[in-house]
Amino acid sequence: MNHVLPVTTSGGGGMSALLIVLLVLPLVGAGAVALLRANDRTAKLTALAFSLVELVLAIAVWVGYEPGGTRLQMTSSVEWIASFGVHVSFGIDGIALVMIAVIALLVPVIIGAGWVEKLPAGRTSGGFLSLILLQEAITIGVFSATDVFLFYVLFEIMLIPMYFLIGGYGGARRQYAAVKFFLYSFLGGLIMLASAIGAYAYSADHLGGSGTFDWATLVTVLKTAPTSTQVWLFLGFFLAFAIKAPLVPLHTWLPDAAAEAPIGVAVLLVGVLDKVGTFGFLRYCLPMFPAASKQLAPLVLVLAVAGVIYGSLLATGQRDMKRLIAYVSIAHFGFIALGIFAFSSQSEVGAVSYMLNHSLATGMLILVLGMIIARGGSTLISDYGGMAKVTPLLGGMLLIAGLSTLSLPGTNSFVSEFLVLIGSYPREPVYTVIATVGMVLAALYVLWLYQRIMQGPVRGTALVGLAGGPGTAVAPEIGAKSAIGDLSKREIAVLAPLVALILVLGVYPKPVLDVITPSVGATMTEVGFADPVAAQGGN
Amino acid sequence: MTNLAADAQGATGLAGSAWLLLALPTLGAIVLLVGGRRTNKWGHILGSATVLGTFVYGLALFFSTTGLDAYKRTQELHLFAWIPVNALKVDFGLRLDPLSLTFVLLITGVGALIHIYSVGYMSHDRDRRRFFAYLNLFVAAMLLLVLGNGFVTLYFGWEGVGLASYLLIGWYQDRPSAATAAKKAFLMNRVGDLGLAVAIFLMFANLGTTQYSEVFAKIGTLPSGTILAITLLLLLGACGKSGQFPLQSWLPDAMEGPTPVSALIHAATMVTAGVYLIARSNPIYDLTGDGRLIVTIIGTVTLLIGCIVGCAYDDIKKVLAYSTVSQIGYMILAVGLGPFGYALGIMHLLTHGFFKAGLFLGAGSVMHGMNDEVDMRKFGGLWRLMPITFVTFGLGYLALIGFPGLSGYFSKDAIIEAAFGQEGWRGWAFGGAALLGAGLTAFYMTRLVLMTFFGEKRWKDLKSADGKDFHPHESPKSMTIPMIILAIGSVGAGAFLSVGNRLVDWLEPSLGGLKESEHFVIPKGTVTILTIVLMLLGVGAAWLFVGRKPVPVTRPARVSFPVRAARADLYGNALNEALFARPGTWLTRALVFVDNKGVDGVVNGLAAMLGGTSGRLRRAQTGFVRSYALSMLGGSILVVAALLAVRFS
């Protein structure tokens, strides 16, 4: 066979090349940083520089993307395994674009946030940051792959840096958490592989001999497959994604992984990697298996709504900050799944914007809690109290992140939660109303968390060194002169872009919605659903 | 043109720059919050200036509108598309009409006075600048609430004022009681917001829009059941925000906030948002008699609860808080009467805004002179020492109890009369309850005034909580001048607004004309006389109980059941505790246990069984590849089985 195949591109060769550069640059960065292990500071600066250039490139891709254009843009393809019709092909739609923008934004933020973080003995910043950049590259690949087999491969490879990041740099029970994380995800992926091969076999039957893994072709071929075939293939993909996104009852790996992961890694894990699951629902489950999606939607909706309530209640009951966030995310993934499987353009645009906004809100929440933990040296909520008196700025930041988490209007998350709920209501009123109760519970777990850490008398390990130890009450006068400092300039610089985006996207979300809406419209067409509430002209 | 509320003109002229109303206080809040300590010196001045500027601009807008024909008084100003997704078009725009402009003047007028008052009241607080930032934030959110041109912009403002209220109730955040009260207020409001949110979902599902003009134009096409559902859900929202039964218990707790906050947010403006919501939605409520009846019942029940509990408290702010609950009950009752009462509800809202804000500022002035003491049993004989406070408070008191000629006389009596104008049992029940409430109001307010300003100087032999002697004194001018202005409003606003039906006619484009009932169960003149008689009875009874004999400094412990019940807020909190808080706590604990031991345990256990490793969970926790593989398999089997069960059933 010809091994020097021409690269086929579309949507302007320049833009396709840009996407390729976007994929490759963090890889180069990862290599460069790995070589700089010896010098801590140089490694950090190099990694930061690469991630910032990557962010600029991602912005360029955003600007170059045409919301009203073709289904997949900036595509390029090269043959990989000819005998199975496997290609290395990339391309993005509005949904993938949003997720790529999120990771490109978060990586420099977490590098900045972890600037002075102490790593476990024997570990270097070079190794750590190299893995972070590697993770970024693979994750962007997962979002932009347009070949199902390539997607599977990247989906599995994506676990490797994360496994080392948790297992190598995490907390006390990091080994346990890392293995649990890896196995859940890896085995889920294997089931998906079985389904992908099934889809290939089906396409081989129907295309006359040579099957394909090309996503766009599979969508058109599988559309006409009998429902029973679709259901089995759907299940394989669905399970892998339901583990990733975690839907209840496949969620138990996430609290452990999030609790043990270093702060920056937890941001990546909860903020971006988990979104591969919900992204997969939208890109693979719905368009490839429309009949199965319709048929199994009721059950997914039950899992989604159960997740909203279950996750919220468990978040309320947590004593550990990082585990609390994991359960908050499980509740939020419930909202996203509800939006996706309610099949209206509002609910699905809501779900996609939720994926973005949850990354910003929860990402900021994790970072702020990380800053609290860095000061107090404990992840237990009960070791804190009255911190806002000592560190008012930090208190304000926790409040902003919290208000976005509880979807207060004026913050980004309100727009997405509102869209999910109002879009789901016309088709699924009962599930929607139950999920809306999650709104009240969100106020409870966020404000209670805030109260326990920031309000009341100043107390606890937050002021260790000044007082007798954990849990001891400290007079406010002492607190005011505490050794615990308020936010440093670096910390403010890390949080400022997130605060700005949270507020701006809350008041003016149109630029993001405009990018998402056409892609969601295309997905709706592929599934064969029309909006329950059609646009009405005049009275 | 039957339905003016559904018909709006594009905003032109001065109204075209109405976004300034939101921009000014928002800018103030941003500058003060971002600027931080650098703005400490002039923060309070900026904060007051932005609100005063907004008031002046609001006045100009008001006068430019009064000259217009009635059908031109409703103008809409489109600013930008906020949440546009295909059929859903949520607009960020303003509706300038008589109703919203009335609120603009109330919010910024009273707001400006209270900002000025706070300059003095908060002068010892090292975070005064942040206090003004929060107040500005509140004013901005409240203006958005009343000016927004659709239910979603209303919701934005609605939760925005909830945030400001949360921040300000919890102002003294090192006090656990303040932090808890703030959280409670936000949570109970969110329960109400749930109703408002689902009402919005229903509108979109059935009408394809959430903008006022389109909703009001199309609402008539819906089946009556849907309309009833929407009105009840909106009512739930109103109950949360306005402290109405069964969501009333957060409002008295909200008194943990500084007193200017209680005056502005928890008396004059934010808590009346529920009345605004129902009045604004009048084209919906007009269509459902059942919905209106339930609104009226809620208002009536709440006004009685507020009066009864108000009689039992010794905390001056809590008495005023329950008085607010009760007076908003009157307003809700009024708007529940539909075309017979929308305008009356708004009228009482305005006069109440004056006298209740004045009363709270007066209470704040008393506390300011009494080392922040709130227990009226420790007051007494203050009228000589605080003459301005006494006179302004006294005028507010007379206005509240409906003394002939003062504000409350015009606005509250009109509601009582209208309630008696209902047919059959409704006239008797609502009218009777409103009348009884008037008597009780006179009782608890007279009791408050007697205990605070008259009788022995009980504070002479006592020390304050921080061990100092009491030296009651009059407050500085920055505090007394706002009190004097509000007192003037308490005296004159009622007459000013009702002479020649000024307010009713002005509001007609927003609320429709005020209808007059044709069959009163008791003649109107008799109602007026009865109201005055009951008021006098209330005053007399209070004199018998606390005026005639000395007031014990400690609260009598042995009291009759009704008093005990009233002291316990008629068991509202106990009920919340038993129904929600405790079961919720146990459910959460149980779930945490199940999730740690259960869900994980079941999958781990299943794994152990399948793997034949004799089910030792301890080993499953140590990270064996095999057990995780199987645990995940266990979970997956559950999901697949469930999915297939759905499919094959």
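In what follows, every chain begins at residue 1, and chains take the letters A, B, ... in the order their sequences are listed. Here the structure is a predicted model, which is why all the values come from computation and not from measurement.
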Colleague: Any donor and acceptor pair, going by atom type alone, linking the side chain of R589(B) with main-chain N or O of G317(A) inside 3.5 Å?
Modeller: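 Side chain of R589(B) to backbone of G317(A), a donor-acceptor pair under 3.5 Å: no, none is there.
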
Colleague: Heavy-atom cut-off 4.5 Å, strictly under: side chain, backbone, both or neither for L144(B) against chain A?
Modeller: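 Contact with chain A is absent: no heavy atom of L144(B) under 4.5 Å.
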
Colleague: Under 4.5 Å from any heavy atom of chain A, what part of L88(B) do you find: side chain, backbone, both or neither?
Modeller: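 Both parts, backbone and side chain.
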
Colleague: Taking every heavy-atom pair that is under 4.5 Å apart, which of G410(A), A177(A), P392(A), G386(A) has the most such pairs with chain B?
Modeller: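 Top count of heavy-atom pairs under 4.5 Å with chain B: G410(A).
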
Colleague: Which heavy atom of G208(B) sits nearest to which heavy atom of V533(A), and what is that distance?
Modeller: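 Looking at all heavy atoms of both residues, the closest pair is CA-CG1, 3.7 Å.
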
Colleague: Could you tell me which portion of T221(B) (side chain, backbone, both or neither) has an atom closer than 4.5 angstrom to a non-hydrogen atom of chain A?
Modeller: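 T221(B) has no heavy atom closer than 4.5 Å to chain A.
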
Colleague: Who among V437(A), L447(A), L441(A), T436(A) has the most heavy-atom pairs with chain B under 4.5 Å?
Modeller: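 So the answer, after comparing V437(A), L447(A), L441(A), T436(A), is L447(A).
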
Colleague: Count the heavy-atom pairs under 4.5 Å between each of A197(B), P84(B), G157(B) and chain A, then report the option with the highest count.
Modeller: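 Sorted descending by pairs with chain A, the first entry is P84(B).
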
Colleague: Counting only heavy atoms closer than 4.5 Å, note whether V198(B) contacts chain A via side chain, backbone, both or neither.
Modeller: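 Contact with chain A is through the side chain of V198(B) alone.
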
Colleague: May I ask you to test the L419(A)-I83(B) pair for a side-chain heavy-atom distance under 4.5 Å?
Modeller: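 L419(A) reaches I83(B) side chain to side chain.
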
Colleague: Write down the atom of A81(B), the atom of Y508(A), and the distance for their closest heavy-atom approach.
Modeller: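 Of all heavy-atom pairs spanning A81(B) and Y508(A), the closest is O-CE1, 4.1 Å.
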
Colleague: How about K294(A): does its NZ atom have over 12 heavy atoms from other parts shown lying under 6.0 Å from it?
Modeller: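 Yes.
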
Colleague: Side chains of T180(B) and Q455(A), heavy atoms from C-beta outward: is any pair under 4.5 Å?
Modeller: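 The answer is no, as the side chains (C-beta and beyond) never meet within the 4.5 Å cut-off.
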
Colleague: Identify which part of T432(A) has an atom lying under 4.5 Å from any heavy atom of chain B, answering side chain, backbone, both or neither.
Modeller: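 Contact with chain B involves the side chain of T432(A) alone.
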
Colleague: Can you name the nearest heavy-atom pair linking A87(B) to Q346(A), along with the distance?
Modeller: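 Smallest heavy-atom distance, with atoms named: N-NE2, 3.6 Å.
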
Colleague: Please classify the contact of T316(A) with chain B as side chain, backbone, both or neither, using a heavy-atom distance under 4.5 Å.
Modeller: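 Both backbone and side chain.
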
Colleague: Do the side chains of D174(B) and P457(A) get nearer than 4.5 Å, heavy atoms only?
Modeller: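 No; the side chains remain at least 4.5 Å from each other.
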
Colleague: What's the separation between atom CZ in F418(A) and atom CZ in F204(B), rounded to the nearest 0.5 Å?
Modeller: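 Separation between the atoms: 8.5 Å.
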
Colleague: Write down the atom of Q451(A), the atom of P176(B), and the distance for their closest heavy-atom approach.
Modeller: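 Nearest heavy atoms, Q451(A) then P176(B): NE2-O, 4.1 Å.
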
Colleague: Which heavy atom in V507(A) sits nearest to a heavy atom in F80(B), and how many Å separate them?
Modeller: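 Nearest heavy atoms, V507(A) then F80(B): O-CE1, 3.2 Å.
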
Colleague: Using non-hydrogen atoms only, which part of L406(A) is less than 4.5 Å away from chain B: side chain, backbone, both, or neither?
Modeller: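 Contact with chain B involves both backbone and side-chain atoms of L406(A).
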
Colleague: Given the side-chain rings of F414(A) and Y155(B), with only the six-membered ring counted for Trp, is the space between their centroids under 6.0 Å?
Modeller: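 That pair passes the under 6.0 Å test.
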
Colleague: Is there side-chain contact between W158(B) and P409(A), with at least one heavy-atom pair below 4.5 Å?
Modeller: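 Of all side-chain heavy-atom pairs linking P409(A) with W158(B), none is under 4.5 Å.
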
Colleague: Please flag which part of V433(A) lies under 4.5 Å from any non-hydrogen atom of chain B: side chain, backbone, both or neither.
Modeller: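 V433(A) touches chain B through side-chain heavy atoms alone.
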
Colleague: Which bit of R323(A) comes within less than 4.5 Å of chain B, counting heavy atoms only: side chain, backbone, both or neither?
Modeller: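 Contact with chain B: side chain only.
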
Colleague: So what's closer than 4.5 Å to chain B heavy atoms on L513(A): side chain, backbone, both or neither?
Modeller: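 Contact with chain B: side chain only.
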
Colleague: Are any of the side-chain heavy atoms of M454(A) and Q173(B) separated by less than 4.5 Å?
Modeller: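 Heavy-atom side-chain distance check fails, nothing below 4.5 Å.
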
Colleague: Would you mind telling me which of L393(A), V520(A), L247(A), V440(A) has the largest number of heavy-atom pairs within less than 4.5 Å of chain B?
Modeller: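 Looking at each option in turn, the highest pair count goes to V440(A).
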
Colleague: Tell me, side chain or backbone of L33(B) under 4.5 Å from chain A's heavy atoms, or both, or neither?
Modeller: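 Neither; nothing under 4.5 Å.
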
Colleague: Quick one: does W82(B)'s side chain have a donor or acceptor within less than 3.5 Å of a partner on G506(A)'s backbone?
Modeller: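 Here the side-chain-to-backbone pair exists.
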
Colleague: Out of D531(A), T517(A), L408(A), return the one with the most heavy atom pairs under 4.5 angstrom to chain B.
Modeller: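 Heavy-atom pair counts peak at L408(A).
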
Colleague: About how many Å separate CZ of R190(B) and OG of S407(A), when rounded to the nearest 0.5 Å?
Modeller: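 Rounded to the nearest 0.5 Å, the OG-CZ separation comes out at 6.5 Å.
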
Colleague: Counting only non-hydrogen atoms closer than 4.5 Å, does Y450(A) touch chain B with its backbone (N, CA, C, O), its side chain (CB onward), both, or neither?
Modeller: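 Looking at Y450(A), just its side chain touches chain B.
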
Colleague: If you take all heavy atoms of L167(B) and L399(A), which pair is closest and at what distance?
Modeller: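 For L167(B) versus L399(A), the nearest heavy atoms are CD2-CD2, 3.5 Å.
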
